[in-house]
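The structure appears below as structure tokens.
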Amino acid sequence: MINPLRGMKDLMFEDSQRFVHIITTAITVAKRYGYSYIETPILEETALFRRSVGDSSDIVSKEMYQFEDKGGNDVCMRPEGTAGVVRAFVSGKLDRQPAKQKFYYYGPMFRYERPQKGRLREFHQFGCESFGEASVYEDFTIITMVGQIFKALGIGFELKINSLGCPECMPPYKQNLVSFLTDISEDLCADCNRRIETNPIRVLDCKNEQCQSLLAQSPKLIDELCEACDTDFKKLTSLLDDAGIAYEVDTNLVRGLDYYNKTAFEFVSNEIGSQSAIAGGGRYDKLVEYLDGKPTPAVGFAIGAERIMELVQMPGREREGYYMGAMVPEAVEKIIMLANRKRTSDKVTVEYSSKGFKSHMKGVDKAHARYAVLIGEDELANNTVWIKDMESKEEKTVAYTV
RNA sequence: GUGGACGUAGUUCAGCUGGUAGAGCACCUGUUUGUGGCACAGGUUGUCGCGGGUUCGAGCCCCGUCGUCCACCCCA
């Protein structure tokens, strides 16, 4: 027996229904905000992710499904969605046009990690990317949208926000941080010491308790933002306050991908194990440029479908459509013809084998059909069908017209 | 990549100190040759993850391997 690869899953029945419900709900909300669908390839040049997600991230340095294709190209399966959308934005020369663009996407992403709860090697994200809008109003709007999607899905969450600054205020802050960290490096864990070199900002969200207690004294970017970033961040918080959206400023919130600046946010749930982030996003004003486009501000987010699968409250399932069956073999083909005709407008479950009344009724329940339609001896003789509405319990026998 | 737990029927699991494999649920049939969800009765299903070893004998012990889950790392 051949099973799916490690960290990859088949989705069916209840699970696939939940999945579809998540995606369709998110699409409905995104459309209300003016987003249109974009589909980009799963396979991209490896360079795309090196330049966008960043070499220093674990995603790129050790988690990519990377290989050489038959044409000798260095390619990899996308580990996240933003890079591809931005690439498409630039490839399509949309950066040369003044129009603002808003795209939503969903689909599989691939990271070669050790699977655990809420973390698969092939997982699915729904995301949105808004291009050309520099206003912090857009940051606020996009956070609101994510909140609405979760609300529509019946999922509770906490919102964490932070500002990552910009090329003006981040570098000097990073210097301050590095010198602070260097002073206390002896007491920091091995990982943090490595991060001081590779990506000092990441030290901030180290989970080691000792590190965290030492970091309480660390300089906070929030206190060292340049005027523009500071104004925007204060605006964002006041907008959230006015909208009645609860949030927590988490100065240690650092997005794992290199391309973020200014607003960073994360939606977390405490109901799903240690992988608590259910959505994440923020502003990435420099990424279009990094990928050879004209400077274009942008904001976006992604929701992890698998992370919220168990949290979603599914709408109650109501009886729907018809179940059709025959109780004498000669009536089977009549049933099939009837069903084909009815299927032009309704959901129909057909039982091909002739069987007893009782087992048909069980079939009706199993199919969760609203109406039972049966042909037995009498009906066959009279060219009629017997119909029962399973909810109202009403029954009738009606003429079957050819 | 590191650490821990676990792989027995479709599923959830039981199986004592090694002695020829069991329960609930599900499924099928019947009670009821035309009124479903309930009840009752009966029935089907296993290379006990895979490979090797110890033993007269292994689901149980040992080694390896694959897989699952959880945690770390990282992230949605």
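Chain identifiers are assigned alphabetically (A, B, ...) following the order of the sequence lines, protein sequences preceding nucleic acid strands; residue numbering begins at 1 within each chain. Quick caveat: nothing in here was measured; it's all calculated off a predicted structure.
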Checklist outcome for this item: For RNA chain B, the expected dot-bracket line (Watson-Crick or G-U under 3.5 Å, [ ] crossing, | inter-strand) is (((((((..((((.....[..)))).(((((.......))))).....(((((..]....))))))))))))....
Do any side-chain atoms of residues 80-88 of chain A form donor-acceptor pairs under 3.5 angstrom with protein atoms, and if so which ones, sequence neighbours left out?
from    : atom 1 : to       : atom 2 : distance (Å)
A/Glu80 : OE1    : A/Thr82  : N      : 3.3
A/Glu80 : OE1    : A/Tyr259 : OH     : 2.6
A/Glu80 : OE2    : A/Thr82  : N      : 3.4
A/Glu80 : OE2    : A/Ala83  : N      : 2.8
A/Thr82 : OG1    : A/Glu129 : OE2    : 2.8
A/Thr82 : OG1    : A/Tyr259 : OH     : 3.4
A/Arg87 : NE     : A/Ser91  : OG     : 3.3
A/Arg87 : NH1    : A/Glu44  : OE1    : 3.0
A/Arg87 : NH1    : A/Glu44  : OE2    : 2.5

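Qualifying ring-ring contact (aromatic ring centres under 6.0 Å, His included) partners for A/Phe157, counting only residues two or more places apart in sequence or in other chains: A/Phe150, A/Phe267. For A/Phe357, the ring-ring contact (aromatic ring centres under 6.0 Å, His included) criterion is met by A/Trp386, not counting sequence neighbours. Take A/Thr46 and apply the side-chain hydrogen bond (donor to acceptor under 3.5 Å, both in side chains) test, not counting sequence neighbours, and it matches A/Asp74. Scored by the ring-ring contact (aromatic ring centres under 6.0 Å, His included) test, A/Tyr35 finds no partners at all (sequence neighbours excluded). By the ring-ring contact (aromatic ring centres under 6.0 Å, His included) test, A/Phe89 pairs with A/Phe131, sequence neighbours left out. With sequence neighbours left out, the side-chain hydrogen bond (donor to acceptor under 3.5 Å, both in side chains) criterion links A/Tyr290 to no other residue.
For the pair A/Arg51 and A/Glu45, the salt-bridge criterion is not met [side-chain N within less than 4.0 Å of a carboxylate O].
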Within the sub-3.5 Å range, which N or O atoms of nucleotides 10-13 of chain B have a protein N or O partner, and how far apart are they?
none

Which protein N or O atoms sit under 3.5 Å from an N or O of nucleotides 2-8 of chain B?
from : atom 1 : to       : atom 2 : distance (Å)
B/U2 : O4     : A/Arg114 : NH1    : 2.8
B/G3 : O6     : A/Arg114 : NH2    : 3.1

Checklist outcome for this item: Readout for nucleotides 39-51 of chain B: B = base within 4.0 Å of protein heavy atom, S = sugar-phosphate only, - = neither; 5' to 3' it is -------------
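Within the structure, every pair that satisfies the side chain to side chain donor-acceptor pair (under 3.5 Å) test and touches residues 6-20 of chain A, not counting sequence neighbours, is listed here: A/Glu14-A/Arg18.
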